[in-house]
2 protein chains.
Amino acid sequence: MAKYKLDEIDHQILDMLIDNTRIPFTDIAKKLVISAGTVHVRVKKMEEAGIIQGSSLTLDYKKLGYSFIAYVGVFLNNTSQTKFVLERINEIPYVTVAHITTGKFNIFCKVRAKDTAHAKDIIFMLDDIDGIYRTETMISLEESINDKKRLMHTIFNEL
Amino acid sequence: MAKYKLDEIDHQILDMLIDNTRIPFTDIAKKLVISAGTVHVRVKKMEEAGIIQGSSLTLDYKKLGYSFIAYVGVFLNNTSQTKFVLERINEIPYVTVAHITTGKFNIFCKVRAKDTAHAKDIIFMLDDIDGIYRTETMISLEESINDKKRLMHTIFNEL
DNA sequence: GGTGAAACTTCTAATAA
DNA sequence: TTATTAGAAGTTTCACC
């Protein structure tokens with residue numbers, strides 16, 4: 001990957017788009033005192049460079065009937081099975097995140113489910129995967145912080 | 001909050017917006033064989049109902065210089081300090097997610113940092129918070145799965 | 001690189017069905 | 001609730017800095 005250096009204007013464009021991806025480029029242009037065409041070109045470049053990977057809605061999972069979150073630590077029989085196990089885990093759409101980790105666990109997952117009964121089913125699915133020796137579940141009682149935008153603003157102000 | 005029931009069309013609108021929030025409403029309208037005005041009205045309603053909480057860019061953190069991810073489990077001296085400790089944690093922008101959990105830990109955090117040196121600073125900040133007795137860090141070697149869109153598509157197809 | 005204007009497309013609100 | 005419509009607004013391209 002070619003090194004791509006963002007400048008102050010790029011940062012400010014990202015900073016505005018992060019809060020609202022549908023903000024008109026003309027609004028961004030006005031605030032930064034540049035033309036809408038420039039905003040357009042820069043956004044396209046950042047997309048091509050892979051800095052902007054895409055956009056997504058933030059939805060209220062609770063209102064969609066998915067109010068259960070758990071983190072599941074996975075112990076493997078043998079780390080050589082990591083790739084295979086991750087492929088199996090990837091078949092479960094309720095596992096939204098999985099990391100290979102150091103420390104206590106070999107793999108660490110985030111699970112979203114409708115309720116405890118549904119979560120039980122998902123955890124059993126995980127336990128059933130060949131190569132998984134044991135799992136350990138931490139149930140979220142409350143998601144108190146969830147704010148990647150704050151981090152992005154911090155990153156952009158570091159300049 | 002008033003109960004808000006999404007129908008098939010709402011689901012399909014969300015399903016398309018999740019993949020690309022800047023897709024023109026006219027494109028959505030064409031695919032669903034409804035008018036763009038209808039799409040507009042429905043999106044606005046879902047925003048007002050709080051189902052759509054906002055939109056955000058998916059950025060490549062590595063390219064922004066933040067390639068380090070860790071999960072940190074927090075042990076409190078006493079659960080009565082939970083609220084106070086979360087307020088302190090919330091002051092650290094590098095902690096992007098925090099949950100109150102059952103199981104091993106009292107609080108569970110996700111940390112994003114530039115590198116191991118930066119992560120050390122952040123973890124020391126956590127350890128320094130009054131009421132935190134001890135922390136346990138799991139370093140991510142690789143984020144193998146990160147796909148909430150897949151879950152959303154699954155939810156919308158459950159209808 | 002950036003601009004500004006033109007051509008094109010989309011949005012949005014009001015009205016009508 | 002949905003469709004139509006028309007003026008307002010946004011996007012994108014391109015010739016020219």
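The shown structure was predicted, so the numbers you read here are calculated from the model rather than taken from an experiment. Chain letters run A, B, ... following the sequence lines, proteins first and then strands; every chain starts at 1.
- For the salt bridge (Lys or Arg N to Asp or Glu O under 4.0 Å) test, residues two or more places apart in sequence or in another chain that qualify with B:R88 are B:E91.
- For residues 29-40 of chain B, every residue pair satisfying the side-chain hydrogen bond (donor to acceptor under 3.5 Å, both in side chains) rule, not counting sequence neighbours, is listed here: B:S35-B:T38.
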B/S/- along nucleotides 12-17 of chain D (protein heavy atoms under 4.0 Å) is SB----
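- Checked against salt bridge (Lys or Arg N to Asp or Glu O under 4.0 Å), A:K83 has the following partners two or more places apart in sequence or in another chain: A:E87.
- Within the structure, ring pair (Phe, Tyr, Trp, His ring centres under 6.0 Å) contacts touching residues 78-97 of chain B (residues at least two apart or in different chains) are B:Y94-B:H118.
- When the P atom of D:dT11 is taken as reference, atom CD1 of A:I34 falls 13 Å away, rounded to whole Å.
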Verdict with supporting geometry, A:R42 and A:D7, salt bridge (Lys or Arg N to Asp or Glu O under 4.0 Å):
CA-CA 10 Å; A:R42 280 169 176 265; A:D7 67 8; 2.9 Å; yes
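- Each of B:D27 and A:I9 lies near DNA chain C, and the nucleotide nearest A:I9 is the one positioned closer to the 5' end.
- Rounded to an integer number of Å, the gap from NZ of B:K30 to P of D:dA3 is 15 Å.
- Of all nucleotides in DNA chain C, those with any atom nearer than 4.0 Å to a heavy atom of chain B start and finish, going 5' to 3', at C:dT10 to C:dA13.
- For residues 95-115 of chain B, the ring pair (Phe, Tyr, Trp, His ring centres under 6.0 Å) pairs, not counting sequence neighbours, are A:Y71-B:H99, A:Y71-B:F108, A:F108-B:F108, B:Y71-B:F108, B:F75-B:F105, B:F105-B:F108.
- The side-chain hydrogen bond (donor to acceptor under 3.5 Å, both in side chains) contacts involving residues 129-138 of chain A comprise A:D127-A:T135, where partners must be two or more places apart or lie in separate chains.
- For residues 15-23 of chain B, proximity to DNA chain D is found at B:R22, defined as any non-hydrogen atom under 4.0 angstrom from a strand atom.
- With sequence neighbours excluded, no residue satisfies side-chain contact (heavy atoms from CB on, under 4.5 Å) with A:D121.
- Under the rule for a salt bridge (Lys or Arg N to Asp or Glu O under 4.0 Å), B:K148 has no partner lying at least two apart in sequence or in another chain.
- Contact between the side-chain N/O atoms of A:T26 and the OP1/OP2 oxygens of D:dA9 is not found at any separation under 4.0 Å.
- By the salt bridge (Lys or Arg N to Asp or Glu O under 4.0 Å) test, A:D19 pairs with no residue at all, sequence neighbours left out.
- Relative to the ring axis of A:Y61, A:R112 places its NZ or CZ within 45° and under 6.0 Å from the centre.
- Atom P of nucleotide D:dT1 and atom CD1 of B:I13 are separated by 12 Å, given to the nearest angstrom.
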